[in-house]
**Q** 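I'd like to ask you about the structure that follows.
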Amino acid sequence: MTDEPREFPSSTPRPEGEVEELRRIWARPEGLHKLTAVNNTDIGLFYMGAAFLFFHLAGVLALLMRVQLSRPDNTFLGQEFYNQVFTVHCSTMMFLFAVPAVEALGVILLPQMLAARDLPFPRLSAFAIWAYVIGGLVFFSTVFYDLAPNGGWFMYPPLTLTTYSPGDNADFWLLGIGFIEISAIAGAIEIVVGTLRTRPPGMSLDKMPLFAWAMLIFAAMIVFAFPAVILATMLLEIERSFGWPFFTAARGGDPLLWQHLFWFFGHPEVYIIFLPAAALVSMIVPTMAQTPLVGYRLNVVALIGTGFFSFGLWVHHMFATGLPALSLSFFSAASMTVAIPSAIQVFSWIATIAAGRERFRITTPSLFVLGFLFIFAIGGLTGVMVAVAPFDFQAHDTYFVVAHFHYVLIGGMVFPLFATYYYWAPMVSRNMLSEKLGRWVFWLIFLGFNITFFPMHITGLLGMPRRVWTYPAGMGWDGLNLLSTVGSFMIAAGALLFVIDLVRRLRPGEPTPENPWNAGTLEWLVTDVYSTRTIPHVTSREPLWDQPNLYADVEAGRYYLPGAPTGGRETIVTSPIEGEPQYVIRMIGPGWAHFFAAVFTAACFLLLTIKLVWPALACFVLAILSCFVWVWELDREPLAEPVDIGGGIKLPTYVSGPMSHAWWAMVVLMLVAGSLYVTFVFSYLYIWTVAPQTYPPIGAPMPPAFEWPFASGALMVASIVAFKEADRFRPQPGAKNLLAPLLIFVGAACLLAGVGIESLGHWRAGLSATETSYGAMVYMASILNGELAFATALMAGYTLVRFILGKVDAVRRTTFECTALLSYYTAGQTLFGLALIHGFPHLIG
Amino acid sequence: MTNANCERRSRTRLASVLFFILFGPIVWAAHFAIVYAGHAVTSDKIMTPAVRAGIPTAAMLLTVLALLSLFVAIARANRGKRAREATAEGALFQTQLMTILALISAYGVFVVGVAALLVEPSSYFADF
C-alpha cells in the first residue's frame, strides 16, 4: 500500500500553521458540549473518574458492613439491608469498578502507548462510557430505595427466583448488570481493533508494550466470557418474568446451570481484572529499574496462557456442590496449570528488579508494586489451598474465602491501580502526585489491608460463615472481627488521603518534566489534544531509550501524519502483525447521537425493570434512531486520491473488506454472538444430562414434521443467496440500481420469516415453554436467532435507505459488507440451531 | 497487488499466525473438552461394564494423541520451513511464543489425562 517508502525521520521542512490546524481539528468541546466529547483522553478520564467514584461508594458500603460486624449481636444494620449492602458492594466492585477501571486505563493509555491520534471508534467508546455511567448510577442508587438486589453478586437461583425473591430487587441486578456487560463488550471491540490496527508503523507484535498485549487479551477474554453471563441473566430474567423453567428442578431445570454459566464468566473475570493490572506492573518495574523487562516473551506467553487456561477453571468455584470426583480432579488439575504462567510473571518482575542498571528506585509507584507482590503472593498461596478439593470442602463459604479473594483482587488489581495513578499522573496532567502523601497513602492502605483481611483467614478457619449479618458472642470471632473493622477504616483513611492529594493537584502548579521517570515507552512523548505531533516509526520495545532523537523528531514533525491531510480527525491504520501502514482512517468528532443512544438504551432497560413496557419500547425506538444518526456519517465518500502522510508516503483513505477496521469490528461482534450461542448449546445439552425425562419423546412432543425445519432452512439459504446477489448488483458510483436494495429487503425478510416459521412449528406441535425446561430451551434458541434476525433487519433497512440515497455503491461498500456479514452469520447460526433442535431429539429418541 | 488480493492475504496471514501461536492452547482446550465431556456423558448415559472399562483407555489414547500432536508441532516449528524462514525477529518471536505455550499446554494435557486415567467413572468424593 505504501508508495515509495522513504527514510524516517524525514528532513522535509513542515509548513507553517500545521500544529494550529491540528489543535483546531482536535479541539475539546466546551460547556455543556463536553457531554459530546469523544477524544480518548477526555472520555478516558471521565471513565476512570466514574469507576473511581464507584470504588469509593462500594467502599462506603464495606465500611457499613464492617461496623455491623465489629461486635457480636450488633443491630447497626438490619438483616435485609445487610443483604442488600453486601450484594451491591460486591456487584459494584466487580462490575462498576474493576472492569470499567481497566477499560478506562485502556482508553487513556493505549492510544498514547501506540502513538495513535485516537482509537478507531471514538463514539463507540463514548457510548460505552455513558451507558456504563447511567446504568451504574441507577443500579447503585437502588440501595437508597430498598430496591437493591439482595442475592449476592452471584445471584444464585433458586434464591433469586420469584418464589424467594418476589420484588424487583433481583431484576435490577439482572437487567442492570446485563446492560453494563453490553457496555463492556462495546469497549472490548474498540480495544481489540484499536490494539491490532492502530499501532505505529514498525511496531510489530514483538514490539508491542506489554500493556497493549494485556489489553488485547483482556478484550478477547471479555468477548468470550461475558456472553455466558449475558445468557445467564437472560435466562433468569425470562424465568422470573414468564415462568420458563430453566432453573426450576421440578420442571426439569437445574439451579446448577446458573452456576456453570455464571462461573464460566466469573472465573475468567478474575483474570480479566488481573492481567492488565499485571501488565501495568510490567511497565512500571523496568522504568524503576531502568532496564528492559527480563523475559518479555515469557511475559507475553504468561498473558496468553493465563487468558486461555482461565476458561478451564470455572468448576473450582463449585467444588462443594456435590459434583462427581471426575469434575473435581479435572478442574483441580487445570487450576494447577494456570499457576505456571502466573509464576512466570512474578519471577520476571523479581529478576528485572535484580537486574536493574541502577538500584531499584523506591518511589510511591514502586511501593505499591512491592505491596502488590507481597499481597498477591499470599492470595496465590491461599488460592492453591482452596484449589485442593478436600480443603475447599472445609473452607467453602467461610471468611477464609473472603480473605483469599480480597488478597487476590485488591492485591492483584487495586495496588497496581494505585501504582498506575502515581506513575502516569504526570502524563495526564503534567503534575506529579505528592511523594510524601503517596507514602502515607501506601502505608495506610497496605497496613489497613493486612489488618482487615489477614484475620479473616483465621475467623474463616474458626468457622465463621460468609454473608452472615451478625454472630453470637463467644465463638472466638469477636476480637478478630473488631481488628478487621479497625483495618478497614485505615484503608478508608488512605483512600481519602489519596483523594485529597488528587484534588490538590487539580490546581495549576509547577509542571513536571515531560518524562519524569525516564520511561522508555511512547506514552511519554510530548502530547497535545491531537496526541503526539507525528506518529513515530518504532524500531524497538523501548523507543525512547533506543531512539535518542525521537522526542525532537516527533515534535518537529519528521514522522508520519505531521498534519491533517484529509482536513479532519484521522489516524494511521496498520497491518495487525507487522505494523505496516495500510490506510488513513477518517474519524468523526464530537456529537450528541451516541450520547442519546446511551441515555435511551439505559432508560429502556430501567423501564423494563420496573415493568413499564410501552415507555421502554418507545425508548428502544429512540435508541435505535439515535444509533442510526450516530453511524450515518461513518461510511464517508472515499477521497479520489491517496493522501500524503509525510515522507512522500501516500495512503488511501478508504478501504473495505478484511482490511477495513469496520469489518474487524463486525467480526468481533460475531464472535460475541457465537460465544453466546455456544453457551446456549452447552445449556441445552447440560439440561439433557440432568433432566432427560423432559426431552422428547417422553417429556415433550417430538419436534414438528420435516416440512417446518426445511422451510425455515430454505429461507435461511434464500437469505444468503439474496445478500450474495445484492453484492453482485451493487451499482457503480453515481449510478442507480434498485435490484440491490430489493435483494437486501428480500434477504432480511427471509431471515425474519425463517425464525418465525421455526417457532410456529414448535407451537403448532404443542410444545410449551413453561411446562418443561426442554420447551424453554427450544424457544430460547428461537429468541437468540430472532434477536440476530431483528438486528440484521434493522441494519438492512438502514443499508437500503443508504443505497437509495446513493451512499452505497461498488466502491463505498463498508455499510453493505457489515450488514451482509451479520446476515450470513445469522443464517449460519439458525441453520446450526435447526440441526441441533430437530436432530438431537431423534438422536437420543 | 489488487485490493481483493490484499484483503485475502491480510485475512489468511492473521488467521495462520494466530493458529500457529495458539496451537498448544487450542489442543489443550480440545483435549480438555473432549475428554471431560466424553467422560461425563458416557459415564452418565451409557454405563455398561464395557464402557466403564473403555473410558480410561479412550482417555489415555486421546491424551497420547494430544501430546504427540503438540510435540510434533513444536519440532516442526523449530526445525521446519517456518524455522528457516524465522530469520526476521517477528517470525522468531512467533515461534518462541508457540513453543513455550505448547509446552505449558502439554503439561496441562498431561495432568488432565492423568486425572481421567485415575478417577473411576461416575464416582463421588465420598466413595474414596
Side-chain angles (χ1 to χ4, degrees), chain A residues 1 196 204-207 296-298 300-302 304-309 311-312 315 319 322-338 340-341 344 389-390 393 575-579 582 652 655-660 663-664 667 682 685-686 688-690 692 811 844, chain B residues 1 3-4 6-14 17-18 21-22 24-26 28-29 32-33 35-37 39-41 43-45 55 88-94 96-101 103-105 107-116 118-128:
Chain A
M1 274 289 149
L196 286 174
S204 48
L205 287 180
D206 57 313
K207 296 187 187 76
Y296 168 87
R297 286 165 198 206
L298 283 170
V300 176
V301 165
I304 300 175
T306 311
F308 232 99
F309 297 134
F311 283 92
V315 168
F319 277 169
L323 294 170
L326 172 81
S327 301
L328 305 186
S329 50
F330 262 53
F331 286 91
S332 217
S335 304
M336 303 296 173
T337 310
V338 85
I340 299 173
I344 287 175
F393 292 163
S575 63
I577 309 285
E578 291 88 359
Q582 288 189 320
V655 297
S656 55
M659 274 184 68
S660 106
W663 186 91
W664 279 59
V667 168
F682 165 81
L685 297 174
Y686 176 83
W688 167 65
T689 64
V690 295
V811 177
I844 58 172
Chain B
M1 197 182 294
N3 196 32
C6 226
E7 282 178 13
R8 206 172 300 120
R9 186 171 158 264
S10 172
R11 188 169 37 193
T12 31
R13 173 103 177 92
L14 180 72
V17 168
L18 274 182
I21 292 175
L22 298 177
I26 289 169
W28 169 82
F32 190 92
V35 173
Y36 179 62
H39 207 302
V41 171
S43 301
D44 187 42
K45 302 290 177 193
I55 289 173
E89 205 180 338
L92 185 66
F93 173 73
Q94 290 161 22
Q96 288 176 338
L97 282 195
M98 180 272 169
T99 305
I100 307 168
L101 277 170
L103 284 173
I104 298 175
S105 304
Y107 170 76
V109 165
F110 176 73
V111 288
V112 166
V114 168
L118 297 181
V119 178
E120 184 76 5
S122 281
S123 62
Y124 280 82
F125 192 74
D127 301 339
F128 290 102

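Heavy atoms only: backbone and side chains are in, while hydrogens, waters and symmetry mates are out. Here the structure is a predicted model, which is why all the values come from computation and not from measurement. Letters A, B, ... are given to chains in the order of the sequence lines, protein chains preceding strands, and every chain is numbered from 1.
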**Q** I'd like to know which of F308(A), W688(A), F311(A) tops the heavy-atom pair count under 4.5 Å against chain B.
**A** F308(A)

**Q** Would you name the heavy atoms of G312(A) and F32(B) that are closest together and state the gap between them?
**A** O-CZ, 3.8 Å

**Q** Relative to chain A, which segment of L18(B) carries a heavy atom at a distance below 4.5 Å: side chain, backbone, both, or neither?
**A** neither

**Q** Hey, could you give me the CZ/OG1 distance between R297(A) and T99(B), rounded to the nearest 0.5 Å?
**A** 11.0 Å

**Q** A side-chain contact here means heavy atoms from C-beta on lying under 4.5 Å apart; do D206(A) and Q94(B) qualify?
**A** no

**Q** Between L298(A), I577(A), L196(A), V667(A), which has the largest tally of heavy atom pairs under 4.5 Å with chain B?
**A** I577(A)

**Q** Report yes if the side chains of L97(B) and L205(A) come closer than 4.5 Å at any heavy-atom pair, otherwise no.
**A** no

**Q** At a heavy-atom separation under 4.5 Å, does V114(B) approach chain A through its side chain, its backbone, both, or neither?
**A** neither

**Q** Could you pull out all residues at least two apart from V315(A) that satisfy side chain to side chain contact (heavy atoms under 4.5 Å, CB included)?
**A** H260(A), L323(A), S327(A), F331(A)

**Q** Does any backbone or side-chain atom of T689(A) lie under 4.5 Å from a heavy atom of chain B? Answer side chain, backbone, both or neither.
**A** both

**Q** Does atom CZ of F110(B) have more than 12 heavy-atom neighbours from other groups under 6.0 Å away?
**A** no

**Q** Using non-hydrogen atoms only, which part of A29(B) is less than 4.5 Å away from chain A: side chain, backbone, both, or neither?
**A** side chain

**Q** Using the six-membered ring wherever Trp is involved, compare the ring planes of Y36(B) and F330(A) and label them parallel, tilted or perpendicular (cut-offs 30° and 60°).
**A** tilted

**Q** With heavy-atom distances below 4.5 Å as the criterion, would you say the side chains of S105(B) and F309(A) are in contact?
**A** yes

**Q** What distance do I304(A) atom CD1 and L22(B) atom CG have between them, rounded to the nearest 0.5 Å?
**A** 6.0 Å

**Q** For residues V301(A) and L101(B), report the shortest heavy-atom separation together with the two atoms involved.
**A** O-CD2, 3.7 Å

